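In what follows, every chain begins at residue 1, and chains take the letters A, B, ... in the order their sequences are listed. In this text the structure is predicted, and so the values were computed from the model without any measurement.
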2 protein chains.
Amino acid sequence: MSLEIPEVVINRLPVYARALTELAQRGESVVSSQALGELLDVTPAQIRKDLSYFGRFGKQGRGYNVNGLLSTLREILGIDRQWRLCLVGVGRLGQAIAEYGGFGPQGFEIVAAFDANPELIGQEIGGSPVHPIEDLERYLHSHRVDIGIVAVPAPAAQSVVDKLVAGGIHAILNYAPITAHVPRDVVIRHIDPVLAMQSMTFYIKRGEPGGK
Amino acid sequence: MSLEIPEVVINRLPVYARALTELAQRGESVVSSQALGELLDVTPAQIRKDLSYFGRFGKQGRGYNVNGLLSTLREILGIDRQWRLCLVGVGRLGQAIAEYGGFGPQGFEIVAAFDANPELIGQEIGGSPVHPIEDLERYLHSHRVDIGIVAVPAPAAQSVVDKLVAGGIHAILNYAPITAHVPRDVVIRHIDPVLAMQSMTFYIKRGEPGGK
DNA sequence: GGTCTTTTGTGAAATCCGTAACTTTCGACG
DNA sequence: CGTCGAAAGTTACGGATTTCACAAAAGACC
């Protein structure tokens with residue numbers, strides 16, 4: 001039954017959850033896989049298949065209860081609770097992340113920040129003080145932190161990832177433009193706008209032999 | 001032969017290109033699929049297969065010429081030239097994007113910015129003046145712009161996407177937390193740190209029945 | 001309570017993608 | 001000039017995902 005769920009499925013669940021949140025706010029109380037699929041550009045069959053990995057949540061002939069499915073998904077994903085993050089790297093990018101208002105409302109709170117630059121140590125960034133990077137591992141061992149955010153320059157990134165792992169972190173959001181290596185029991189996701197751009201350009205090479 | 005290349009393959013090419021750039025900087029002149037694979041956590045077979053969609057670039061018994069393969073990939077991807085971007089939305093997020101130093105060196109230049117807030121119009125952001133959003137479509141028809149970046153709040157995002165499409169844009173990088181709808185001939189990529197977080201939490205729910 | 005409509009849940013088929021294994025080519029060396 | 005080792009190119013297989021299509025369930029209406 002709950003035998004090894006494909007990662008692609010897990011990656012789609014937050015998208016479903018977000019759509020359901022919006023439907024709930026609009027006051028919708030039920031939704032069909034058809035309707036949800038149109039909202040998200042996904043086939044209804046895929047939605048039903050994905051959900052079927054976890055149980056039976058719909059009513060035949062009716063569809064899914066919006067609030068019911070939403071809270072089920074939130075529980076499955078673990079986004080029904082508060083998560084504690086630490087931010088490593090408080091340069092321009094790191095500061096933008098710290099000040100980004102999108103994490104808080106979703107239950108992701110940055111509880112500590114770290115940087116190698118002595119000038120930044122002690123400053124307040126997004127409400128929490130900046131610690132020296134040397135204290136990172138010790139800090140992780142003495143405070144609960146669930147997820148690490150890496151926002152340092154590429155050359156420093158792998159070493160930061162290693163420190164996070166050594167500190168017992170099992171989930172990392174990496175903004176640095178590198179392919180970081182982590183042990184099998186650590187999840188890592190990459191945010192890389194440049195890679196996204198570079199894969200789009202393939203499709204818009206116009207006025208070229210072979211271009212669209 | 002060059003019949004319909006899978007999108008996953010296209011998405012990996014920029015990663016290869018980045019690794020090759022670094023190898024080139026280190027002065028390496030040849031690399032085997034084995035060595036490149038270890039660097040990137042990809043199997044050698046996958047690298048060879050991916051490249052074989054486009055031609056034969058290696059020498060048996062030796063490996064790939066680093067600079068040669070790099071420039072081939074850059075050409076295939078179209079990242080061997082300058083691309084002109086426009087940024088829509090100059091709030092906190094938009095400003096961070098405009099000031100982000102990562103695009104320029106890769107040939108992506110923001111040539112114009114747009115916002116709905118009258119207070120921002122006329123200000124300089126990252127070297128280019130902010131235009132009123134009403135001028136977007138007209139601007140696109142009278143200037144060359146290859147890619148649009150959407151950095152507006154969720155409720156406004158679809159309408160901005162529509163305007164970009166109406167203006168003839170075929171590639172969009174979307175930072176807004178929505179699933180945007182675009183015609184089949186438009187490529188769109190999403191940057192969404194929250195979704196990335198929310199899919200990671202599934203794997204780190206500890207101390208739960210069923211958690212790891 | 002029976003029938004009709006709708007939409008789920010699901011097994012099977014189809015497709016897509018990755019991996020492994022084999023063949024070929026290249027350079028080196030004797 | 002022939003043999004050997006290494007690594008690319010390629011084909012075939014297998015596994016993973018997606019799609020399809022149908023049976024079963026639920027409410028609505030009479």
Side-chain angles (χ1 to χ4, degrees), chain A residues 1-16 19-20 23 28-70 72-73 76 179 184 199 202, chain B residues 1-16 19-20 23 28-73 76 179 184 199 202-203:
Chain A
M1 207 191 137
S2 87
L3 207 80
E4 215 48 57
I5 291 143
E7 191 175 320
V8 271
V9 173
I10 301 301
N11 291 339
R12 279 191 294 263
L13 297 189
V15 181
Y16 300 163
L20 289 166
L23 289 171
E28 307 280 338
S29 65
V30 295
V31 68
S32 66
S33 58
Q34 174 79 42
L36 192 56
E38 277 166 21
L39 225 51
L40 298 175
D41 270 331
V42 168
T43 65
Q46 178 149 86
I47 293 174
R48 296 201 300 274
K49 203 19 130 40
D50 285 352
L51 296 178
S52 78
Y53 281 101
F54 301 94
R56 312 168 49 137
F57 309 116
K59 281 220 173 72
Q60 272 122 328
R62 298 286 294 153
Y64 300 89
N65 177 295
V66 171
N67 284 301
L69 183 56
L70 177 55
T72 304
L73 285 181
I76 290 170
T179 302
R184 203 165 297 245
S199 66
F202 174 82
Chain B
M1 211 184 129
S2 89
L3 207 81
E4 217 48 60
I5 290 142
E7 189 173 321
V8 271
V9 172
I10 301 301
N11 291 338
R12 278 191 294 263
L13 297 188
V15 181
Y16 301 163
L20 288 166
L23 289 171
E28 307 279 337
S29 65
V30 296
V31 68
S32 65
S33 58
Q34 172 79 42
L36 191 56
E38 278 166 21
L39 225 51
L40 298 175
D41 269 331
V42 168
T43 65
Q46 178 146 85
I47 294 175
R48 296 201 300 273
K49 186 84 188 287
D50 286 351
L51 296 178
S52 78
Y53 281 102
F54 302 94
R56 312 168 48 136
F57 310 115
K59 280 221 174 70
Q60 274 126 326
R62 298 284 295 151
Y64 299 90
N65 177 294
V66 170
N67 284 300
L69 182 56
L70 177 54
S71 50
T72 304
L73 285 181
I76 290 171
T179 302
R184 203 164 299 238
S199 66
F202 174 81
Y203 296 101

(Q) Please report the distance, rounded to the nearest Å, between CG in B:Asp50 and P in D:dT10. (A) 14 Å
**Q.** Length of the CD1-P vector between A:Ile47 and C:dT7, whole Å
**A.** 13 Å
Q: For B:Val9, report the nucleic acid contact type (base, sugar-phosphate, nothing); a contact means any heavy atom under 4.0 Å.
A: nothing
Q | First encountered from the 5' end of DNA chain D, between B:Lys49 and B:Phe57 | A | B:Phe57
**Q.** Interatomic distance, A:Tyr16 atom OH to B:Thr179 atom OG1 [nearest 0.5 angstrom]
**A.** 10.5 Å
(Q) Tell me the interatomic distance from A:Glu4, atom CD, to D:dG15, atom C1', rounded to whole angstroms. (A) 14 Å
(Q) I want to check one thing: is the phosphate of D:dA7, taken as OP1 and OP2, less than 4.0 Å away from some side-chain N or O of B:Ser32? (A) no
Q: Find the distance B:Asp41:CG to C:dT19:P and express it as a whole number of Å.
A: 12 Å
Q. Where is the tightest heavy-atom contact between B:Leu13 and B:Ile76, given as atom of each residue plus distance?
A. CD1-CG2, 4.1 Å
Q: Answer yes or no: is there a side-chain heavy-atom contact under 4.5 Å between B:Leu23 and B:Leu39?
A: yes
Q: Looking only at side-chain atoms of A:Arg48, point me to the closest of C:dA12, D:dG9, C:dT8.
A: C:dT8
Using atom types as modelled, flag every donor-acceptor pair under 3.5 Å from a side chain in residues 58-65 of chain A to any protein atom, sequence neighbours excluded.
from	atom 1	to	atom 2	distance (Å)
A:Asn65	OD1	A:Asn67	N	3.0
A:Asn65	OD1	A:Gly68	N	2.6

**Q.** Interatomic distance, A:Leu69 CG vs C:dT7 C1' [rounded to whole Å]
**A.** 15 Å
Q. Roughly how far apart are A:Glu38 CD and A:Ser33 OG, rounded to 0.5 Å?
A. 10.0 Å
Q. Quick one: what's the B/S/- string for nucleotides 23-30 of chain D, heavy-atom cutoff under 4.0 Å, read 5' to 3'?
A. -BBSS---
Q. Looking only at side-chain N and O atoms, does B:Ser33 come under 4.0 Å of OP1 or OP2 in D:dA7?
A. no
Q: Would you indicate which nucleotide in C:dG9, D:dT19, D:dT17 comes nearest to any side-chain atom of A:Val8?
A: D:dT17
Q | Separation of C:dC26 C1' from B:Tyr64 OH (nearest whole Å) | A | 14 Å
Q. Quick one: bend of the helix from C:dG1-D:dC30 to C:dG30-D:dC1 from 5 pairs per end, to 10°?
A. 0°
Q.
To the closest 0.5 Å, what do you measure between CD (A:Gln34) and CZ (A:Arg48)?
A. 8.5 Å
**Q.** A:Gln46 CD to C:dG9 P, straight-line distance once rounded to whole Å
**A.** 15 Å
Q) What is the distance from atom CD1 of A:Ile10 to atom OG of B:Ser199, rounded to the nearest 0.5 Å? A) 8.5 Å
Q. Can a side chain N or O of B:Tyr53 be found less than 4.0 Å away from OP1 or OP2 on C:dC17?
A. no
Q) Roughly how far apart are B:Ile47 CD1 and B:Leu40 CG, rounded to 0.5 Å? A) 6.0 Å
Q | Gap separating the CG atom of B:Leu51 from the CZ atom of B:Arg56, nearest 0.5 angstrom | A | 12.5 Å
Q: Measure the shortest side-chain to side-chain distance between B:Phe57 and B:Leu73 over non-hydrogen atoms and say whether it is less than 4.5 angstrom.
A: no
**Q.** B:Leu51 CG - D:dT10 P separation (whole Å)
**A.** 11 Å
Q.
Check this one for me: any side-chain N or O of B:Ser52 less than 4.0 Å away from OP1 or OP2 of D:dG9?
A. no
